[in-house]
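Structure record follows, encoded as structure tokens.
Bear in mind that the values here come from a model prediction, so they are computed numbers and not experimental data.
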Amino acid sequence: MYTLGIIIGLFSKINYNTNIDPKKLFIMDVFVHNIFNLSLILIFGLITFGIVSSLMLLINGIYFGVTIHFIFLKYSFSLLFKGTFFHLFFELTAIFMTTAISFSFWDFFKKKEKDKKVVLSEIIIVFLISILLLFISAIIECKISSVLVRS
């Protein structure tokens with residue numbers, strides 16, 4: 001789904017008059033923003049057993065594809081690389097893990113009572129790991145990526 005979103009985004013029309021104005025990013029602002037998005041993916045994904053989280057993943061992919069296309073055409077691959085590469089692995093891993101949780105939630109309802117505790121603890125552990133990955137991503141985005149883009 002994410003790849004499909006990126007492909008759609010790459011072929012979208014873009015307003016090339018927009019400028020990138022790198023500003024100082026604050027770790028907690030980026031982290032809270034990403035946690036909010038992750039929470040939406042988790043909550044709506046759990047309610048719909050993964051359907052809405054898949055759609056949100058598609059929308060995220062489209063947004064990222066449009067961003068890639070815009071930066072690549074207006075600026076350079078170097079700026080794109082510096083601005084996304086270093087924190088992208090951590091952020092995408094957290095998003096994919098949270099989306100996977102929403103699909104595995106169906107197992108929670110199918111299990112016997114004693115097995116539900118195991119599934120629930122696995123869900124909590126994976127979500128906590130996702131939060132940790134997002135925090136690492138926020139640090140990298142603010143302390144490395146944004147500095148590289150400004151230079």
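Closest non-hydrogen pair, Ile27 versus Ala138, comes out as O-CB, 3.8 Å. The minimum heavy-atom distance between Phe103 and Ser54, with the atom names listed, is CZ-OG, 3.0 Å. Taking each heavy atom of Ser137 and Phe90 in turn, the nearest pair found is CB-CB, 3.8 Å. Smallest separation of non-hydrogen atoms from Thr98 and Ser130: OG1-OG, 3.5 Å. Nearest heavy atom pair, residue Ser104 against residue Ile123, reads OG-CG1, 4.2 Å. Between Ala94 and Leu38, the shortest heavy-atom contact is O-CD1, 3.6 Å.
With sequence neighbours excluded, the residues forming a side chain to side chain contact (heavy atoms under 4.5 Å, CB included) with Ile144 are Phe86, Ile140, Leu148, listed by chain and number. Phe89 is linked by a ring pair (Phe, Tyr, Trp, His ring centres under 6.0 Å) to nothing, counting only residues two or more places apart in sequence or in another chain. A search for side chain to side chain contact (heavy atoms under 4.5 Å, CB included) contacts involving Leu120 returns Phe108, Ile124, not counting sequence neighbours. By the side chain to side chain donor-acceptor pair (under 3.5 Å) test, Thr99 pairs with no residue at all, sequence neighbours left out. Glu141 meets the side chain to side chain donor-acceptor pair (under 3.5 Å) test with no other residue; sequence neighbours excluded.
Between Glu91 and Leu133 there is no side-chain heavy-atom pair separated by less than 4.5 Å.
Following chains of ILVMFWY side-chain contacts shorter than 4.5 Å, one can reach Leu40 starting from Leu92, so the two form part of one hydrophobic cluster. Clustering ILVMFWY residues whenever any of their side-chain heavy atoms sit less than 4.5 angstrom apart, transitively, puts Phe26 in a cluster other than the one holding Ile131. Ile43 and Leu46 fall into different hydrophobic clusters, where Ile, Leu, Val, Met, Phe, Trp and Tyr residues are linked whenever their side-chain heavy atoms come under 4.5 Å apart, directly or through other members.
Under the side chain to side chain contact (heavy atoms under 4.5 Å, CB included) test applied with Met97, the options Thr93, Ile95, Ile101 reduce to a single match, Thr93.
Here Thr48 contributes atom OG1 and Met56 contributes atom CE; the two are 9.5 Å apart, rounded to the nearest 0.5 Å. Here CG of Leu88 is found 9.0 Å from OG of Ser145. Values are rounded to the nearest 0.5 Å. If you take CG on Leu55 and CD1 on Ile41, they are separated by 11.0 Å, rounding to the nearest 0.5 Å. Rounding to the nearest 0.5 Å places OG of Ser102 at 7.5 Å from CG of Leu42.
Among pairs with a residue in residues 28-49, those fulfilling ring-ring contact (aromatic ring centres under 6.0 Å, His included) read Phe31-Phe135, Phe49-Trp106, Phe49-Phe109, at least two apart in sequence or across chains.
Although no hydrogens or angles enter the test, the distance criterion places a donor-acceptor pair under 3.5 Å between the side chain of Ser39 and the main chain of Ile35.
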